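Per chain, numbering begins at 1; letters A, B, ... match sequence-line order. Everything numeric in this text was worked out from a predicted model, so none of it was measured.
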Amino acid sequence: MPELPEVETVRRGLASVVTGRRVDAVRVLHPRPVRRHLAGPDDFAATLAGRRFAEPRRRGKYLWLPFDDGDALLAHLGMSGQFRVDAAGAEAGRHTRVVLGLDDGNELRFVDQRMFGGLSLSPGGADLPSEVAHIGRDLFDPDLDQESVVARIRRRGSGIKRVLLDQTVTSGIGNIYADESLWRAGVHYDHPADRLAPRRVRALLGAARDVMTEALAAGGTSFDALYVNVNGESGYFDRTLDAYGREGQPCRRCGTPIRRERFMNRSSFTCPRCQRPARG
DNA sequence: CTGTGGTCCTGTATGC
DNA sequence: TGCATACAGGACCACA
């Protein structure tokens with residue numbers, strides 16, 4: 001489940017291997033990941049050929065590979081998307097969906113089992129694709145105005161986890177890091193956002209930034225082969241998760257068994273003692 | 001505008 | 001053994 005630290009790990013991996021490389025032939029093996037390219041898979045392949053990559057960029061969970069002509073290849077990994085860089089002759093896995101030949105004999109391969117992710121060409125999108133314009137700045141963005149994020153969060157009446165997962169408020173947080181941040185800050189997932197004091201919201205955002213910084217240093221979180229870096233290696237941050245996936249195991253702060261509950265049609269892991277629901 | 005719930009996808013795990 | 005069902009969930013969209 002690629003969230004900000006995993007996408008940033010991929011971005012860094014791509015930066016060292018695709019920057020300055022020219023795209024040769026492109027093969028689309030499955031049409032779904034290029035569904036946002038309305039002119040179709042063949043046009044997608046033809047329009048990419050011959051362009052040269054600049055340094056990959058990211059906002060939240062969106063990743064884009066600018067070309068030196070001002071356009072960009074926009075990517076979202078969805079649930080299970082991966083970028084792999086392999087020698088052109090190397091065997092490709094069965095979930096390989098799009099292959100971009102590069103001018104150094106390598107191939108950039110977009111691999112995606114569940115195909116929630118995808119690629120598209122963003123005209124003029126080198127600096128910030130229009131498709132990403134509605135996404136809020138993430139907590140690693142030097143231009144983030146944190147106090148305006150705090151204010152936006154506190155204008156919302158829904159549960160705080162729903163607001164954390166709203167990528168237009170601040171981006172990059174998914175189900176795993178939402179649960180981890182809430183655990184660290186001692187906040188219940190369904191606490192109405194507009195009933196959290198400003199200092200608690202600041203603490204929550206600080207916790208989110210901390211946990212994602214630590215995850216990034218560990219190369220990202222992974223439970224299986226669904227998230228890997230561009231060399232096919234998994235991160236190991238899952239060994240240090242405090243809440244997510246720890247149902248029945250003792251809270252590392254107070255020893256109370258972690259509880260799993262359904263919220264927004266997904267699992268939420270909380271400590272029933274450290275994260276009390278709001279009263280009323 | 002805000003809030004909510006359905007939908008897309010496939011592989012793995014579990015139940016009968 | 002085999003079939004059906006649940007589950008994983010990010011982004012988007014329809015609708016109240």
Regarding Gly117(A), tell me which of base, sugar-phosphate or nothing describes its non-hydrogen contacts under 4.0 Å with the strands shown. nothing

Please work out if His134(A) contacts a base, only the sugar-phosphate, or nothing of the nucleic acid, heavy-atom cut-off 4.0 Å. sugar-phosphate

Touch check for Arg155(A), heavy atoms < 4.0 angstrom, all strands: base, sugar-phosphate only, or nothing? nothing

Asp194(A) meets the side chain to side chain contact (heavy atoms under 4.5 Å, CB included) criterion, sequence neighbours left out, with Pro192(A)

Per the under-4.0 Å heavy-atom filter, residues of residues 158-171 of chain A near DNA chain B come out as Ser158(A), Arg162(A)

Could you pick out which residue, Arg156(A) or Arg266(A), lies toward the 5' side of DNA chain B when each is mapped onto its nearest nucleotide? Arg156(A)

For the side chain of Asp138(A) and the backbone of Arg59(A), is there at least one donor-acceptor N/O pair under 3.5 Å apart? no

Indicate whether OP1 or OP2 belonging to dC12(C) is found under 4.0 Å from a side-chain N or O atom of Tyr62(A). yes

Determine the stems involving DNA chain B; a stem requires 3 or more consecutive pairs of the Watson-Crick or G-U wobble kind, each with both distances below 3.5 Å, and the answer is none if no such run exists. B:2-16 with C:2-16

Quick one: is His95(A) getting a side-chain N or O under 4.0 Å of the dG11(B) phosphate, OP1 or OP2? yes

Rounded to the nearest Å, what distance is computed from the CG atom of residue Asp190(A) to the P atom of nucleotide dG3(B)? 12 Å

Within the side chain of Arg276(A), is there an N or O that forms a donor-acceptor pair under 3.5 Å with the backbone of Pro272(A)? yes

Under the 3.5 angstrom rule, does the side chain of Thr19(A) hit a backbone N or O of Ser16(A) as a donor-acceptor pair? no

Tell me whether the OP1 or OP2 atom of dA8(C) has a side-chain N or O from Ser267(A) closer than 4.0 Å. yes

Using a cut-off of 4.0 Å on non-hydrogen atoms, how would the nucleic acid contact of Arg260(A) be classed: base, sugar-phosphate, or nothing? sugar-phosphate

State, with a plain yes or no, whether a side-chain heavy atom of Asp210(A) is found less than 4.5 Å away from one of Arg184(A). yes

Should the ring pair Phe67(A) and Phe53(A) be called parallel, tilted or perpendicular, given that the plane angle runs from 0 to 90° and is split at 30 and 60? parallel

Backbone of His95(A) reached by a side-chain donor or acceptor of Arg97(A) within 3.5 Å: yes

Which part of the nucleic acid does Arg262(A) contact within heavy-atom distance under 4.0 Å: base, sugar-phosphate only, or nothing? sugar-phosphate

Are there more than 12 heavy atoms of other residues, nucleotides or ligands under 6.0 Å from atom CZ of Arg199(A)? no

Give a yes/no answer on whether the side chain of His76(A) brings an N or O atom under 4.0 Å of OP1 or OP2 in dG10(C). no

